[in-house]
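Here is the structure we will look at, set down as structure tokens.
For reference, positions follow the sequence shown, starting with 1. Hydrogens, waters and symmetry mates are skipped; everything else that's a heavy atom, side chains included, is used.
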Amino acid sequence: MSPKVIRKLTTILAADAQSFSTAMTRDELGTYTDLQAARDVFFKLIDRHGGRVANTAGDGLIADFPSVVEAVHCATEVQQELTQKDSSLRFRIGLHLGDVICDGDDLIGEGVNLAARLQTMADPGGVLISQQVYDQVRNKLSVGFEFLGDKRPRNMVEDVPVYRLALGQPINIDRAAGEAAGDAAPKRRSRVSQVWSDPEPEMPGSSPSQSTGRPDLLSDDTASETGAAHPQGALSSEVRGKRLRYMGIGTGAAVLLNMISGGSFWPAWPILVAAGLYGLHSGAALLGKSHIKGIPLNLWVISAFLVCVNLMTWSGTAWVLWPLAGILGIGFLTRKKQTNES
């Protein structure tokens, strides 16, 4: 009889020192002293925020927290305190909320793996969090969040949305809400989101905006006004609802005009175009994923659009098969390339 597997939902913190082996080669005793001092900071703050250290291996550690908010608080305070120390080591931290297997005091499973992968993708002195963590803390903390895009962690088969804590860009949520309530032209800043176009899955620090030394931070409201792409999960249901209402009003007006003027049902064309644009712009946020079967969602939307055009102009020829073959071929080649790179 196989032993019972014990699982739990928890927030996993994975931390690791950058270039630890190189630092040990240069100054073994000094690096070891710095590592012990850094561990003291981690242990102290993990305990203060209600977490526990599940595993330590070399220069890294795994901890878990029953509270997502406390885990993010802990990661932030750790990096701030370590920054103030004259140390040769800089740590990277990854945070993920997921289901894990309890192996005694240790934790194993996909949730731990993802936290560890986020840690390897982080900048030295930085913190990366998953979509699950972001969803829980985005309106509870006075800290900025930079959306890095959908990244492919090493040895994983799907892209995941990744956010970085903007440790140098604190935002007071309560004060911003008060300004919004009392100002005739409020500037709502409940959180900061940054849209990145860097295609590299593990190089968030190579962003063009970062090379200038000044991140291009956009609030959700500013992004919607300027037409910038929204990160997956950051596009609010309110914004999506407004777009659907506008589409409904436009559709109703077109149908009414067609009924008055008579003739063929021409509103089908603007309705199809509007639906296609909505799918391209908001499909990822609506479905909660940017890929289906490893193929970008936008390619599926374009394919569906072409199928509808072929059906609406049907003359006995399924011409849509040719562009579909090309689009899906590109999708499969992209998927294969990403899989090989990962």
Side-chain angles (χ1 to χ4, degrees), residues 10-65 70-96 103-108 112-130 133 143-144 146 148 151 153-155 162-170 200-207 210-215:
T10 189
T11 308
I12 307 103
L13 180 151
D16 189 76
Q18 183 205 26
S19 303
F20 178 75
S21 298
T22 302
M24 286 289 285
T25 301
R26 293 174 179 173
D27 181 5
E28 186 177 65
L29 183 58
T31 301
Y32 175 74
T33 302
D34 288 342
L35 176 61
Q36 292 301 105
R39 279 182 172 175
D40 290 341
V41 172
F42 272 101
F43 292 169
K44 174 187 68 176
L45 292 175
I46 288 171
D47 181 68
R48 178 183 300 174
H49 289 281
R52 70 175 188 93
V53 176
N55 180 276
T56 59
D59 57 315
L61 64 84
I62 299 292
D64 74 305
F65 299 78
E70 292 298 330
V72 176
H73 272 309
C74 178
T76 302
E77 292 178 15
V78 163
Q79 295 293 33
Q80 290 173 345
E81 186 164 336
L82 291 178
T83 299
Q84 298 171 2
K85 293 182 176 293
D86 183 17
S87 172
S88 61
L89 299 177
R90 300 189 66 191
F91 283 80
R92 300 172 296 190
I93 296 178
L95 288 171
H96 174 58
D103 184 16
D105 291 334
D106 201 0
L107 302 174
I108 59 177
V112 179
N113 293 340
L114 180 52
R117 295 306 181 193
L118 291 174
Q119 168 262 307
T120 62
M121 296 163 62
D123 293 326
V127 179
L128 293 189
I129 65 174
S130 66
V133 172
V143 64
E146 300 173 6
L148 303 185
K151 302 293 183 180
R154 188 177 300 277
N155 297 330
V162 178
Y163 296 81
R164 176 165 52 197
L165 294 189
L167 301 180
Q169 297 287 337
E200 293 295 331
E202 296 186 13
M203 294 295 292
S206 63
S207 163
Q210 194 177 36
S211 65
T212 65
R214 182 177 64 85

Not counting sequence neighbours, which residues clear side-chain hydrogen bond (donor to acceptor under 3.5 Å, both in side chains) with [X]? List them please.
X: S130; answer: H96, Q132
X: H49; answer: E70, E77
X: N113; answer: none
X: E81; answer: K44

Side-chain contact test, heavy atoms from C-beta onward, threshold under 4.5 Å: evaluate it for [X] versus [Y] and give yes or no.
X: V133; Y: Y163; value: no
X: D123; Y: R164; value: yes
X: Q36; Y: T33; value: no
X: I129; Y: L118; value: no
X: L35; Y: L89; value: yes

Specify the closest pair of heavy atoms between [X] and [Y], including all atoms of both residues, with the distance to one decimal.
X: A63; Y: I46; answer: CB-CD1, 3.7 Å
X: L95; Y: A71; answer: CD1-O, 4.0 Å
X: E146; Y: A166; answer: OE2-CB, 3.6 Å
X: R92; Y: A122; answer: CD-O, 3.0 Å
X: I62; Y: A14; answer: CD1-CB, 3.6 Å
X: T31; Y: A23; answer: OG1-O, 2.9 Å

Can you name the one residue among I93, L148, T120 that meets side-chain contact (heavy atoms from CB on, under 4.5 Å) with L128? L148
Mind checking side-chain contact (heavy atoms from CB on, under 4.5 Å) for T22 and listing every partner two or more places apart, or none if nothing turns up? S19, R26
Applying side-chain contact (heavy atoms from CB on, under 4.5 Å) to Q84 and not counting sequence neighbours gives none
Would you compute the distance between atom CD of Q119 and atom CG of L13 and round it to the nearest 0.5 angstrom?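 That separation rounds to 9.5 Å.
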Say you draw a straight line from CG of D27 to OH of Y32; how long is it, rounded to the nearest 0.5 Å?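 Going from CG on D27 over to OH on Y32, the span is 14.0 Å.
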For residues 50-59, run the donor-acceptor check on the side chains, cut-off 3.5 Å, and write out each pair with its distance to 0.1 Å, sequence neighbours left out.
| unit_1 | atom_1 | unit_2 | atom_2 | d |
| --- | --- | --- | --- | --- |
| R52 | NE | D64 | OD1 | 3.0 |
| R52 | NH1 | D105 | O | 2.9 |
| R52 | NH2 | D105 | O | 2.9 |
| D59 | OD2 | A17 | N | 3.3 |

Just jot down the ring pair (Phe, Tyr, Trp, His ring centres under 6.0 Å) partners of F42, sequence neighbours excluded, or say none. F91
Carefully, step by step, assess L165 and Q79 under the rule side chain to side chain contact (heavy atoms under 4.5 Å, CB included). CA-CA 11 Å; L165 294 189; Q79 295 293 33; over 6 Å; no
Please test R48 against L45 for side chain to side chain contact (heavy atoms under 4.5 Å, CB included), starting from the C-alpha separation and ending with a verdict. CA-CA 5 Å; R48 178 183 300 174; L45 292 175; 3.5 Å; yes
